[in-house]
Amino acid sequence: MAPPRKKLFIKTYGCQMNVYDSERMRDVLAPLGYEPSDRPDDADLVILNTCHIREKAAEKVYSELGRLRAHKDEKADTDAPMTIAVAGCVAQAEGEEIMRRAPVVDLVVGPQTYHKLPELIAQTHRARGERLETEFEPVAKFDALGGDRHVEGYSAFLTVQEGCDKFCTFCVVPYTRGAEWSRPVDQIVHEARQLASKGVREITLLGQNVNAYHGSPPAGSEADGPWGLGQLLHHLARIGGLDRIRYTTSHPNDMDDALIAAHAELDCLMPYLHLPVQSGSDKVLKAMNRRHTFADYARIIEKIRAARPDIAISGDFIVGFPGETDGDFEATMQGVREINYASAFSFKYSRRPGTPGAALPMQVPEDVSSDRLQRLQALLETQQSAFNAQQIGRRLPVLFERAGREPGQLHGRSPYLQAVHCKAPAELIGKIAEVDIVAATRNSLTGALSAEADAA
Ligand code: 5AD
Ligand code: SF4
């Protein structure tokens, strides 16, 4: 769907470099619906792309801002208020000073950071409580939460959080789904109770950034601020009938101590964590705007494993992000070896026009990305097979969800989210039973009902 058209006026000062940057700014803003205009007075977004070389450059910018103020005031109470940005070298040199001296300025962008503009514009709209319509198309493959996921009988999804404020430079979610928003605890509890009363035994709490959850506490609670995911999990754990709780997808920076502790404290919180790292290279992580290093990620995994030693770790990876060298890719391979994943998703970087990543130089050739993806997937598959093989000889509680493909067989899930096939009577559908695991492949386990099977 095409976003509503908005007018963009850019005034460029100074050198050829700035003329080039202004062009790039027009390019990155097009998917947000901005079309170039040659009039500042009725523009929705005005950018002064400044230059510091000539004397009095800053003064010229201030007097231009004075003129713009009148236009901005005129549009202030309309449904199309004006946003004013100062970019380029003056912005770099006196960013804070500009904001102080000219409150009419909404945002300041340093030189060579035009690729940050979509993020900054989206943030400015959010601060004013407006939603930014864009032409980004969510891609189901990358949008793990795309569409409504149906209730599979005994295992259901429950959305607790939407949107994202992280702005990873490859991702459209912050633009398509908007700002982070958490549902109030009471609403979630109400829905979880309803699900449990319909026979649901397992819920997976969903959110693009689920561990950034910060919802209003329940009525009557003495909490003076929002609840985090750890608290929410403790609360949901008390609902009778819900034997299993999971959550996805998380960002490493939001893995707080209360949430990590919940993995040690709550038996119903399943020992499985999907925690994407995307790359093992700090340089690539920085370019992706992930805001953490690989060592930070490894430390978090270490803490989680200390809390819940058997936890199955899953992740997401992107290969071929712009600028990724052979060395960066090797760092990803090394990181995967270090963490040792139970399962993972891996993708070739896909250039999403309008995201900051699409404007980066040094896009990686297709054949190089394909080759890296193949190598990474081979390694991840080996780890997944090994993780599954480790279950042979163990007795695991399996939640049977439906009939299996073969007659007399049921399909269920282990605590680690592995698919389990097992010969069992149909009455066990919707129940948890102990299964002795006898065989494993990369994608599933096979087991036999334990002799002492004590269906709950
Ligand atoms: N290219 C490749 N992978 C992407 N993902 C999101 N956007 C892109 C993109 N432009 C992947 C990330 C994310 C997962 C849901 O999809 O790995 O964690
Ligand atoms: Fe996208 Fe996830 Fe990054 Fe948010 S945290 S921008 S949803 S990849």
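All values below were derived from every heavy atom in this structure, side-chain atoms included, with hydrogens, water molecules and symmetry-related copies excluded. Order of listing sets the numbers, starting from 1, for every ligand and every atom in it.
- Under a 4.0 Å N-O distance rule, the pair D243/R201 qualifies as a salt bridge.
- Contacts of F170 with ligand 1, taken as heavy-atom pairs under 4.0 Å, involve both backbone and side chain.
- By the salt bridge (Lys or Arg N to Asp or Glu O under 4.0 Å) test, R405 pairs with no residue at all, sequence neighbours left out.
- Without hydrogens or angle criteria, R183 side chain to T159 main chain gives a donor-acceptor distance under 3.5 Å.
- Remark: side-chain polar atoms of T169 are paired, donor with acceptor, to backbone N or O of A287 under 3.5 angstrom.
- Ion pairing between a basic and an acidic side chain is recognised when a charged N comes within 4.0 Å of a carboxylate O; D310 and R305 show no such pairing.
- Partners of Q278 under the side-chain hydrogen bond (donor to acceptor under 3.5 Å, both in side chains) rule, at least two apart in sequence or in another chain, do not exist in this structure.
- The closest approach between a heavy atom of R351 and any atom of ligand 1 is not below 4.0 Å.
- Per-residue contacts place Q278 under 4.0 angstrom from the following atoms of ligand 1 (heavy atoms of the residue considered): 12 (C), 13 (C), 17 (O), 18 (O).
- Atom 13 (C) of ligand 1 has its nearest heavy-atom neighbour, among V277, D316, T355, in D316.
- For A223, the side-chain contact (heavy atoms from CB on, under 4.5 Å) partners at least two apart in sequence or on another chain are P217, S221, W227.
- Contact check on R246 versus E202 returns a salt bridge, with a Lys/Arg side-chain nitrogen under 4.0 Å from an Asp/Glu carboxylate oxygen.
- Every atom of ligand 1 with a heavy atom of S350 under 4.0 Å away is listed here by number and element: 1 (N), 2 (C), 9 (C), 10 (N).
- Listed by chain and number, C168 SG are the protein N/O/S atoms closer than 2.8 Å to atom 3 (Fe) of ligand 2, with waters left out.
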